[in-house]
Each structure stands twice: as structure tokens, then as C-alpha cells.
2 protein chains.
Amino acid sequence: MDNSVRIKFDKIDRRILEILQANAKITNAQLSKDIGLSPAPTLERVKKLEQSGIIKSYHAKLDPEKIGLGVSTFVLVSLIGHNKGNIDAFMKEINDIQEVIECHHITGTGDFILKIIAKDITAYQKLMLEKVSEIKEVDSMQSMVILSTFKDSKVLPIPA
Amino acid sequence: MDNSVRIKFDKIDRRILEILQANAKITNAQLSKDIGLSPAPTLERVKKLEQSGIIKSYHAKLDPEKIGLGVSTFVLVSLIGHNKGNIDAFMKEINDIQEVIECHHITGTGDFILKIIAKDITAYQKLMLEKVSEIKEVDSMQSMVILSTFKDSKVLPIPA
DNA sequence: CTTTGCGCCACATAAAATTTTGTAAAAACG
DNA sequence: CGTTTTTACAAAATTTTATGTGGCGCAAAG
């Protein structure tokens, strides 16, 4: 009775993962052609990859500008205290702010780095003033506005 | 003769976008139920959103750890010169490095911020020493290792 | 008030995904 | 070394899903 799913994948699975990362909407028929198997075992493999948690989810990628999101930034955040309580409280607050797309705990200069997206500079300023900097655990913040994005790959380099 | 596709979306479209960002694998039938339309017009709307470029693509999200990617970092990079030639050269080099998942041109401290993913610290060090820091336009670099990721939302907050 | 166009539903058809069945190869076991 | 078990695969059948068509109703324009 093995509760945890065995995680192991071969060259074909790796190929599947590469393809699905780049294009999740490919049909099983086309995928099977690309990897050189028939549809059934191809689907089996995909299902296994999903069940094992290697494939976590599928997402549509939108064009930020076309939905009226003109400003993206990274923000380095330092907290006042670095104990677990403070960090948990901070995380909880951050989780409720939709505009904060990512939040990572990091080494180095700050304590956290956030990725934030907003309609425009005005909306961004409002967001920062009224929500982010209002979090009491926050000590200092440093914003880096994204001028342009050269690369935003959704394909992770799977080690051999 | 309108070559460019009209970009305009209503409350229903917004709902569709939210759903597809969170779960691209939903069937058209289920999506149509969720938004309260029949399948045909639902699909029509999705197709329009794709054609207009609002929906750019669909991607499978993998679990980095489960495919053997244990180290993620952000790297602030300063270039030696800030002229277009240097920037273009840098971009070209960066584009060929698979481990560099993202590259953004930013304001503030550095010139660029990269998101890099690697197998482990050893592989990361090797990558940085042998590839990134070898790019001749690179002046200085500052790495921030991600200790943990609290939020990594694939759902953008669509402005009203 | 009429016309036009858009968005919708309902149904029909086509395509795809998924399940089932059977077979062959590889691995574990006696 | 042979037997059993497991695993992976293909082929075909079934079910589900996507897609195309026709017609209706509403809303805006004339």
C-alpha cells in the first residue's frame, strides 16, 4: 500500500513535459505523434505525470497590456523582525493582495521579493501606499519597475 | 477592413479569463456552465480571446523539485555600458541560456533582473561562472536565492 | 417602425479523448 | 531455468467534447 506516488520518468516523459510546458493545448493525438507512441499510452503517461504531481496544473497566459495591466514591478521587502510570527503574518496579508502575483522568501539584501502587477503607475502607487506598506511587519521596500520583458519562458530546463 | 482585432471584453469574458488562467484544462462544457452560457457561444468567446491575443498561450506548470530543480534565484545584473548595442548583445546571450527563465529590463539598482533555475547549488554556481558571468557586457551581479515561495499565482488581477 | 447585426440556444456532425481488450516484453519469484 | 507478475504498448470501441449550422430574440441604428 504505497500512498505516495513513485516519481520516476524517462526520456519520453521528459519530452512530454517539455511539450506540455510550451503548449498545454496540444491534443493527445498530436502529442502521441510527436513522441512516437500511440494515443493510449501517451495519455497514460500524461495522467501519471499529473497524478504524481510532476505536472501541477495548467494555465492560460494572458497579455497583461491587453487587459489593461501596464505596470509590473519587483519589490524587495525587509521585515521588522525575522521571527516566524512576523513572517507568517506578513504572508497572510500578502496572500490577500491580488496584485501581488509572486512572493518569495530570499537570501541577500531583503527578506522577500514580490512581483506586482497593476493597471498603471497611479494604481501601483495607491496599492503600495494603501496596502503593502500598511502591513505592519514591513520595514523597508525597494521597487524595481519593469521597463520591458525580454524573456518569460514557461519551460523549465529538465535535468538529464 | 479592420486588420487589427478589436479588443474589448465584458463581464463574462473577464470571468472566462479568470477561469482559464486558474485552470486551462477545463472543458468547454464545464466552462459554459460556470459562466451561465451554452457551449457554442462560450467557445466563440474563448476563440475570440485567443485570436485577439488577450490569451497568448497555454502552459503546463511543473513542480520544480520533482523534476530535480532544487535551486531558484533572482539575479540583479548591471551592464558595463547602457547603449543599445550592449543591451542587445546581452539579451542575445541570455536567450540561449535555458536556465534563465525570465529576463526583465528594470529601473533602479541594476539594469536587469533574471530568474534562474538549476538542479542544485553546484550546478547553479557552474552556470553562473561559466555562462552568465562570461557574458562580456556584464559588469556586476547580485544573487538572491529563493528559500521558499509563498505565492506564485498564475492569475492576473483584471482591472474592472 | 423597420432593418441590421450581434449574441444566444438547440441540434447535428465531426473530432478527440478515454476506456477496454488483448499482446508482448521485462522484471520478480520460485 | 522456467513461471508468474508487472508494465508498456497498440488497436478498436465507446464516450465525451468540440465545432458548425440554422433560427430566434433583443438592442441599436436608421
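All chains are named by letter (A, B, ...) in the order of the sequence lines, taking the proteins before the strands, and each is independently numbered beginning at 1.
The aromatic rings of F112(A) and H105(A) lie parallel to each other, their planes meeting at an angle below 30°, with 60° marking the opposite boundary.
As rounded to whole Å, 13 Å separates atom C1' of dA16(C) from atom CD of Q30(A). Between the CD1 atom of I16(A) and the C1' atom of dA8(D) there is a distance of 12 Å, given to the nearest Å. Note: CG (L43(B)) to P (dG7(C)) measures 15 Å, nearest angstrom. In this structure, K33(B) places its NZ atom 18 Å from C1' of dC8(C), rounding to the nearest Å. For the pair I26(A) CD1 and dA15(C) P, the interatomic distance rounds to 18 Å; values are reported in whole Å.
Nearest to the side chain of N28(A), among dT18(C), dT19(D), dC9(D), sits dT18(C). Considering only side-chain atoms of S38(B), the nucleotide from dC9(D), dC9(C), dT18(C) that sits closest is dC9(C).
Within the structure, a side-chain polar atom (N or O) of R45(A) is placed less than 4.0 Å from OP1 or OP2 of dC9(D). Residue K48(B) has a polar side-chain atom (N or O) positioned under 4.0 Å from OP1 or OP2 of dG7(C). The phosphate of dT19(D) (OP1 or OP2) has a side-chain N or O of K47(B) nearer than 4.0 angstrom.
The shortest side-chain heavy-atom distance between S133(A) and M128(A) does not fall under the 4.5 Å cut-off.
Base engagement by A40(A) is indicated by at least one non-hydrogen atom pair under 4.0 Å involving a base atom. At a threshold of 4.0 angstrom between heavy atoms, the contacts of K25(B) with the nucleic acid are absent. Within 4.0 Å of T27(A), counting heavy atoms only, lie sugar-phosphate atoms of the nucleic acid but no base atom.
Between F74(B) and F74(A), the ring center distance clears the sub-6.0 Å criterion.
In this structure, E44(A) and A29(A) both approach DNA chain C, and ranking their closest nucleotides by distance from the 5' end singles out A29(A).
With hydrogens and angles ignored, the 3.5 Å screen pairs no side-chain donor or acceptor of K131(B) with any backbone N or O of I97(B).
K154(B) NZ: more than 12 foreign heavy atoms inside a 6.0 Å radius.
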